[in-house]
Amino acid sequence: MKRRTWFTIIAIAIIIGVYVYEYVLVEAEQAEIVLEGKEAKANTNAFFLPTSTTNQIIHHNGYSLSYSEPHEQAEWVAYELKKSHLSNTNHKRPYFEIDKAVKTGAASWRNYKNSGYDRGHLCPAADRRYTKAAHDETFLTSNISPQDHQFNAGIWNTLEQKVRYWARKYNGVFVVTGGVLSGRMKTIGREGVSVPNYFYKVLIDSNSGKTKMIAFLMPHKDSSKPLYEFVVSVDEVEALTGIDFFPELADELENKLEASRSYKDWSF
DNA sequence: CTGGCGGTC
DNA sequence: GACCGCCAG
């Protein structure tokens, strides 16, 4: 055969190869999404799960939480935001429901009505758009905290968008977030839902090379400062909340990463 | 994206 | 109370 013929054959083979490869990749991703719910506890909630100071951990398919009955909200909500979770699908916004999995009785959404505060998602609805079920599951009252609207739609929203950016960039991140339930707090509603004075977010990435962490502590008010101004060490968040964030991590690594307040490994 | 709210049945 | 559609930053 002529050289040109060989070249043509090889070119076609490469093109077919790429298509087959992509097809297999897409199939694998879809299979992963289908399994998401069943594997949530094993994948999302095992290794990086924080400790509970309230002894009430609840696992949902899309996230886990530790519920604080005295403050009528979660002390933390934890979930893995995989790159494959990121989706542009629009879902109709459902109504908030009382989380029946909370045995002590989760707060009613009525506490928030006319309170002047948003029902602020802890696990954002936008992080669970991959299925309608996952999206709707974020509308449980165990996943919300009273948030000032300017804060929620402002700097906090900006941080949540940055988390999605990192999930895309670093092939997924594990997220732990909540209000700091300590000190003197305002309360709202008949059940007295505490209004946190600070909110935190702790991230760990173990998917893109060496394991890295970053933590944010934000006063409960909107700000025009850049996000990195709110970076603190994980140790600082632990000191405020009493939560041990990554107890399953090897001690040496945990101690080193949690003491650091450097954000050089995180692209802003 | 983050949400509230008023009107209707 | 549930639902729809409109509203704002």
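Numbered from 1 within each chain, the chains take letters A, B, ... in sequence-line order.
Checking the phosphate oxygens (OP1, OP2) of B:dG3, no side-chain nitrogen or oxygen of A:R119 falls inside 4.0 Å.
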Review item, nucleotides 7-9 of chain C N/O atoms under 3.5 Å of protein N/O:
none

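For the pair A:E97 CD and C:dA2 C1', the computed distance is 12 Å after rounding to whole Å. Atom CD1 of A:I98 is separated from atom C1' of C:dA2 by 15 Å (rounded to the nearest Å). The CG-C1' distance, from A:N143 to B:dG3, rounds to 15 Å in whole Å. Distance CZ (A:F139) to P (C:dC3): 14 Å, rounded to an integer number of Å. Note: CG (A:D118) to P (B:dG4) measures 5 Å, nearest angstrom. One interatomic measurement links the two molecules: CG of A:D148 to P of B:dT2, which rounds to 16 Å at whole-angstrom precision. The distance between atom CZ of A:F96 and atom P of B:dC5, rounded to the nearest whole Å, is 13 Å. Rounded to a whole Å, the CD atom of A:Q147 is 7 Å from the P atom of B:dG3.
At the heavy-atom level, A:G120 lies under 4.0 Å from the strands shown only through sugar-phosphate atoms.
The distance between the ring centers of A:W266 and A:Y170 falls below 6.0 angstrom.
In this structure, A:Y112 and A:N90 both approach DNA chain B, and ranking their closest nucleotides by distance from the 5' end singles out A:N90. Comparing A:R110 and A:K92 by the nucleotide of DNA chain C whose heavy atom lies nearest to each, the residue mapping closer to the 5' end is A:R110. Across the interface with DNA chain B, nearest-nucleotide mapping of A:N114 and A:R164 shows A:R164 to be the residue nearer the 5′ end.
Contact record, A:T138 with A:P124: CG2-O, 4.1 Å, taken as the closest heavy-atom pair.
Partners of A:D222 under the salt bridge (charged side-chain N to carboxylate O under 4.0 Å, His left out) rule, at least two apart in sequence or in another chain, do not exist in this structure.
Checked by atom type and distance alone, the side chain of A:N197 never pairs as donor or acceptor with a backbone atom of A:H220 at under 3.5 Å. A donor-acceptor pair under 3.5 Å is absent between the side-chain atoms of A:R168 and the main chain of A:L86, judged by distance alone. Of the possible polar contacts, none joining the A:W156 side chain to the A:H149 backbone as a donor-acceptor pair under 3.5 Å is found. At distances below 3.5 Å, not a single donor-acceptor pair connects side-chain atoms of A:K201 with backbone N or O atoms of A:V175.
With distances taken from any side-chain atom of A:Y95 to the nucleotides B:dC5, C:dC3, B:dG3, the minimum falls on C:dC3.
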